[in-house]
Amino acid sequence: MILYLSSFRNFPKLWKGSLSLALGPGHSSRCLFLTIYSGIRNQQRWFSVKTQSPQNTKGMNLLIAKSRYPRKENANSKEVASELPHLFAAGAAKKRSQVNSPQTQAHALPPVKNTIQLPTKPLNSEEWDKLKEDFKGKANFEDWIISQMAHCHSSVNVAKSLLAWVAAKNNGIVGYNLLVKYLHLCVLHKQTSEVIDVYEIMKARYKTLESGGYSLLIRGLIHSDRWREALLLLEDLKKVMIPSKRNYDDCIQGALHHQDVNIAWNLYQELLSNNLVPMLETLKAFFDFGKDIKDDHYSNKLRDILFYLRNNQLYPGESFAHSIKTWFESIPGKQWKGQFATIQKSGQCSGCGRTIESIHLSPEEYDSLKRRIMSDVIDGGDQYKKTTPQELKKFENFVKSCPPFDIVIDGLNVGKMFPKIRESQFLLDVVSQLAKKNLQLLVLGRKHMLTQGSRWRKDEMKKVQQLAHCFFAEDISEDDPFLLYATLNSGNHCKFITKDLMRDHKACLSDAKTQHLFFKWQQGHQLVITNRFPGSKISFQHSLSYDTVVQTTGDSWHIPYDEDLVERYSYEVPTKWLCLQQKT
Ligand SMILES: [Zn+2]
């Protein structure tokens with residue numbers, strides 16, 4: 001898409017430092033004749049809004065994580081394993097990967113090599129000409145340099161001198177690419193008057209924009225007096241697509257910023273009805289705004305947000321948690337007191353001593369989960385078939401012939417847990433120790449484990465078979481479905497041992513509610529071996545006894561939150577809580 005300016009002599013004026021636009025009051029818009037041609041649709045992807053370089057963020061987090069959890073180099077030290085955080089604790093995966101791979105990359109990748117240095121101050125025409133001559137790349141120089149400038153957050157004035165040069169050189173023609181990337185820089189640097197100038201040009205000459213252009217204009221306008229026009233742009237956007245959660249966030253923040261609470265809540269409702277998951281920033285904005293509002297209607301809506309977090313297993317970030325605390329403490333006459341706390345193994349809050357909701361599934365939840373696992377994961381469509389119907393039937397009959405199990409062991413996975421220990425020996429160690437406690441054990445394995453080899457010794461496997469029920473599947477079968485079936489079929493008391501986190505199975509479950517039940521069940525039933533040294537007693541990490549979810553008893557709230565500097569994987573839960581108590 002190209003912007004034509006027939007009266008090109010006016011164009012350089014547009015991009016001079018004064019920000020005065022020919023389209024402004026007192027000027028006739030006829031002095032600019034802009035024509036747009038070429039399709040709009042192809043332009044969707046060519047810019048993206050980046051606020052930070054992802055590599056740098058990663059490198060930063062890594063360094064911070066490293067300083068929090070100094071890596072133990074001595075792998076023979078017994079403390080290593082026992083110091084590992086809980087399998088499901090935020091940051092645990094990160095820490096495991098650091099313990100296991102000493103060569104973890106510590107530095108961000110070097111930036112893509114530039115053939116030329118980006119200017120740091122506005123250039124005149126001669127200087128731009130010179131720079132273009134020096135450019136050795138194959139790409140179009142103008143497009144390349146504006147992309148680099150957008151990426152490196154160059155100043156608006158430098159970009160403006162580029163556009164003026166391009167306009168002067170091309171009879172007033174400026175590519176839409178350049179214009180939108182310029183807009184990106186204006187929005188980034190919060191140059192609102194400049195945003196409005198570009199908005200005027202676009203509004204005058206384009207019937208519709210592509211989504212990127214709309215999004216930038218919305219973001220740029222919400223902080224100006226003309227913020228309501230951002231809502232009109234949102235309406236335009238809705239004609240062709242569902243706006244993004246970010247578009248809604250911008251409009252809601254704009255409405256709150258200008259004290260229009262009704263518009264903000266209406267947009268929030270619309271966002272939810274589009275099945276979008278709101279950005280946490282949006283929710284936080286409602287709490288931040290709420291501390292100056294004293295009405296029950298507003299308070300109830302904020303409570304609804306907390307229930308939304310609960311129902312969707314979402315956790316606020318650290319600053320959002322602070323906003324929630326501040327809002328509760330600001331409610332007049334209610335005397336809420338907030339503190340940051342942790343939960344003890346027993347499930348008791350370190351702040352108030354109350355017991356957090358149990359992780360254990362109710363009989364109804366357990367039955368519902370069991371039914372869904374059986375139908376979605378085990379019997380499921382071909383896509384998820386991990387075994388043959390004959391083998392599954394054989395396994396079902398085998399399970400029926402045994403008493404309910406207390407612990408189901410993924411034999412192959414447990415055997416391979418520590419590379420320096422022979423598989424069959426470690427499996428036997430685990431099984432013998434558990435058998436001493438008079439537990440009904442099931443070891444799931446593959447047929448190849450019964451063939452004598454250096455890793456699987458026949459005598460040791462024979463002993464395993466004497467101490468536990470064993471089922472050996474075909475080597476090509478996946479043992480996870482068997483593990484899930486046997487554990488769930490044995491009842492709510494039965495636990496299982498595997499290092500595997502079974503994320504694939506969670507993904508197979510068709511609805512979010514069942515996925516959550518599965519995750520809850522997994523946290524409460526998966527045993528993890530924490531001791532990795534042969535000869536010594538094997539120790540297990542206790543499964544969590546409490547459910548990490550936003551919860552209330554009416555006069556108390558407990559809200560798990562993510563710390564800013566801890567990277568949490570999707571299958572981990574936060575370890576920090578906001579404890580809120582009402583003094584009565
Ligand atoms: Zn508490």
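Below, all heavy atoms of this structure are taken into account, side chains as well, without hydrogens, waters or symmetry copies.
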When you measure from the side chain of Asn124 to the backbone of Glu126, do you find a donor-acceptor pair of N or O atoms at a distance under 3.5 Å?
yes
Ala255 versus Ile263, closest heavy-atom pair with distance
CB-CG2, 3.8 Å
Tell me whether Asp296 at atom CG has more than 12 heavy atoms from other residues, nucleotides or ligands lying less than 6.0 Å away.
no
How about Ile324 and Leu580: do any of their side-chain heavy atoms sit closer than 4.5 Å?
yes
CG-SG distance between Asn266 and Cys251, expressed to the nearest 0.5 angstrom
12.5 Å
Residue Asp225 excluded, over 12 heavy atoms near CG under 6.0 Å:
no
Run the side-chain contact (heavy atoms from CB on, under 4.5 Å) check on Leu314 and Tyr308 step by step: do they pass?
CA-CA 8 Å; Leu314 295 172; Tyr308 177 84; 3.7 Å; yes
Assert yes or no for the condition that the ring centre distance of Trp227 to Tyr199 is strictly below 6.0 Å.
no
Compare every heavy atom of Gln253 with every heavy atom of Glu281, then report the nearest pair and how far apart it is.
O-NE2, 3.5 Å
Only counting residues at least two apart or in another chain, list the ones meeting side chain to side chain contact (heavy atoms under 4.5 Å, CB included) with Lys334.
Ile331, Trp336, Gln582
CA sep, side-chain torsions, deciding dist, call: Ile356, Thr548, side-chain contact (heavy atoms from CB on, under 4.5 Å):
CA-CA 8 Å; Ile356 296 300; Thr548 305; over 6 Å; no
Taking Glu329 for the side chain and Gly338 for the main chain, is one N or O donor matched with an acceptor at less than 3.5 Å?
yes
So does Phe286 get a backbone contact from the side chain of Tyr298, meaning a donor-acceptor N/O pair under 3.5 Å?
yes
As a quick check of understanding, evaluate side-chain contact (heavy atoms from CB on, under 4.5 Å) for Thr575 and Thr342, giving each step before the final call.
CA-CA 6 Å; Thr575 56; Thr342 52; 5.9 Å; no
Looking at Asp304 and Lys301, is any side-chain nitrogen of the basic one under 4.0 Å from a carboxylate oxygen of the acidic one?
no
Looking at Pro316 and Ala321, what are the two nearest heavy atoms and their distance?
CB-N, 4.2 Å
Parallel, tilted or perpendicular: ring planes of Trp265 versus Tyr268, cut at 30 and 60 degrees
perpendicular
Using atom types as modelled and distance alone, determine if a side-chain donor or acceptor of His184 lies under 3.5 Å from a backbone N or O of Val180.
no
Does any N or O in the side chain of Gln551 come within less than 3.5 Å of the main-chain N or O of Val549, such that one atom is a donor and the other an acceptor?
yes
Mind checking whether Phe287 and His322 have ring centres under 6.0 Å apart?
no
What one should report as the nearest heavy-atom pair of Leu233 and Leu221 is CD1-CD1, 3.7 Å
Please check if the side chain of His153 supplies one atom and the backbone of His189 the other of a donor-acceptor pair under 3.5 Å.
no
Where the side chain of Lys181 meets the backbone of Leu179, is there a donor-acceptor pair that is under 3.5 Å apart?
no
Could you work out, with side chain to side chain contact (heavy atoms under 4.5 Å, CB included) as the rule, every residue matching Ser125, not counting sequence neighbours?
Trp165
Closest heavy-atom pair and its distance - Thr282, Ile252
CG2-CD1, 3.6 Å
Please round to the nearest 0.5 Å and tell me the distance separating atom CD of Glu142 and atom CG of Asn170.
7.0 Å
If only atom types and distance count, is the side chain of Tyr182 paired as donor or acceptor with the main-chain N or O of Lys160 below 3.5 Å?
no
Taking only residues two or more places apart in sequence or in another chain, which ones pass side chain to side chain contact (heavy atoms under 4.5 Å, CB included) with Ile359?
Lys520, Gln523, Asp547
Closest heavy-atom contact between Val187 and Leu216?
CG2-O, 3.4 Å
If you round to the nearest 0.5 Å, how far is NZ of Lys245 from CG of Asn275?
13.0 Å
Lys190, NZ atom: more than 12 neighbouring heavy atoms under 6.0 Å
no
Measuring from atom CZ of Phe328 to atom OG of Ser299, what distance do you get when rounded to the nearest 0.5 angstrom?
9.0 Å
How would you list, by chain and number, every residue that makes a side-chain hydrogen bond (donor to acceptor under 3.5 Å, both in side chains) with Ser215, sequence neighbours excluded?
Asn247
Are the side chain of Ser161 and the backbone N or O of Leu123 linked by a donor-acceptor pair below 3.5 Å?
yes
side-chain hydrogen bond (donor to acceptor under 3.5 Å, both in side chains) with Asn274: which residues, sequence neighbours excluded?
Tyr248
Salt bridge (Lys or Arg N to Asp or Glu O under 4.0 Å) pairs touching residues 247-273, sequence neighbours excluded, are Arg219-Asp250, Arg228-Asp260, Lys238-Glu270
Could you walk me through whether Leu118 and Val158 pass the side-chain contact (heavy atoms from CB on, under 4.5 Å) check?
CA-CA 10 Å; Leu118 282 181; Val158 178; over 6 Å; no
